[in-house]
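Working notes for the structure below.
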Amino acid sequence: IINDRMDSSFEDAKRVLNLDLDVRVKLFCVIEKWFLDPLAQLLESPRGSELIDQALGITPTLALTYQERTRELLMAIIGDAMAAEVLQLALKGLTSDRPSIKTLRDRVALLVEHFVT
């Protein structure tokens, strides 16, 4: 299930890359499709916390695929490998206290606003 959702989210995020949007809006939309929406779906399910724990414990191969796809999506917008890596690490850190989706969206919006010049 997690692999299928990841594939679907990746395709949704890749479609955003082709849209004619301001770079900040595009970056937020990609993060929303790839990161926020799947997390919100997990949290809204009856076993949300359990599913998140499962997602965090995914196989090393699946985790590597997730990291590579995240980097690919961010690089397509930012165009700088180091900046994409820093943003990827920052996104991961935003979830460490398990905030609500609304709080997480607000944090991502703030991060994008200050990250993209």
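FYI, the numbering just counts along the sequence from 1.
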Taking atom CG of Leu74 and atom CZ of Arg69, what is their separation to the nearest 0.5 Å?
14.0 Å
Heavy-atom side-chain contact between Phe28 and Val23 under 4.5 Å:
no
What pair of heavy atoms forms the shortest contact from Pro38 to Glu32, and how long is it?
CD-O, 4.0 Å
Test of understanding: clusters of I, L, V, M, F, W, Y form through side-chain heavy atoms closer than 4.5 Å, transitively. Do Leu64 and Leu73 belong to the same one?
no
Kindly say whether Asp4 contributes a backbone atom to a donor-acceptor pair with the side chain of Ser8 at under 3.5 angstrom?
no
I'd like to know if Asp22 and Lys26 make a salt bridge, using a cut-off of under 4.0 Å between side-chain N and carboxylate O.
no
Is the shortest heavy-atom distance from the side chain of Thr95 to the side chain of Phe35 under 4.5 Å?
yes
Under-4.0 Å salt bridge between Asp37 and Arg5:
no
Return the minimal non-hydrogen interatomic distance between Arg107 and Pro99, and the atom names on each side.
NH1-CG, 3.4 Å
Between Ser9 and Met6, is there a donor-acceptor pair closer than 3.5 Å when you use the side chain of the first and the backbone of the second?
no
Same cluster (ILVMFWY, side-chain, under 4.5 Å), Leu19 and Leu27:
yes
For the pair Arg24 (side chain) and Val116 (backbone), establish whether a donor and an acceptor sit closer than 3.5 Å, ignoring hydrogens and angles.
yes
Using the ring of each side chain (for Trp, its six-membered ring), is Trp34 parallel, tilted or perpendicular to Phe10, with breaks at 30° and 60°?
perpendicular
Nearest 0.5 angstrom please: Thr70 OG1 to Leu87 CG, how far?
10.0 Å
For the side chain of Gln88 and the backbone of Gln67, is there at least one donor-acceptor N/O pair under 3.5 Å apart?
yes
Check Leu17 against Ala76 and note the closest heavy-atom contact, atom names and distance.
CD1-CB, 3.8 Å
Report yes or no: do Leu21 and Met75 belong to one cluster of Ile/Leu/Val/Met/Phe/Trp/Tyr joined by side chain heavy-atom distances under 4.5 Å?
no
Taking the side chain as every heavy atom from C-beta outward, state whether Leu94 and Leu91 have any pair of such atoms under 4.5 Å apart.
yes
Cluster link Ile77 to Leu110, ILVMFWY, side chain under 4.5 Å
no
At their closest point, which heavy atom of Cys29 faces which heavy atom of Val16, and how far apart are they?
CB-CG1, 3.7 Å
Between Ile78 and Ala84 the two heavy atoms that sit nearest each other are CD1-CA, 4.2 Å
Atom NZ in Lys14, atom CD in Glu11: separation rounded to 0.5 Å?
4.5 Å
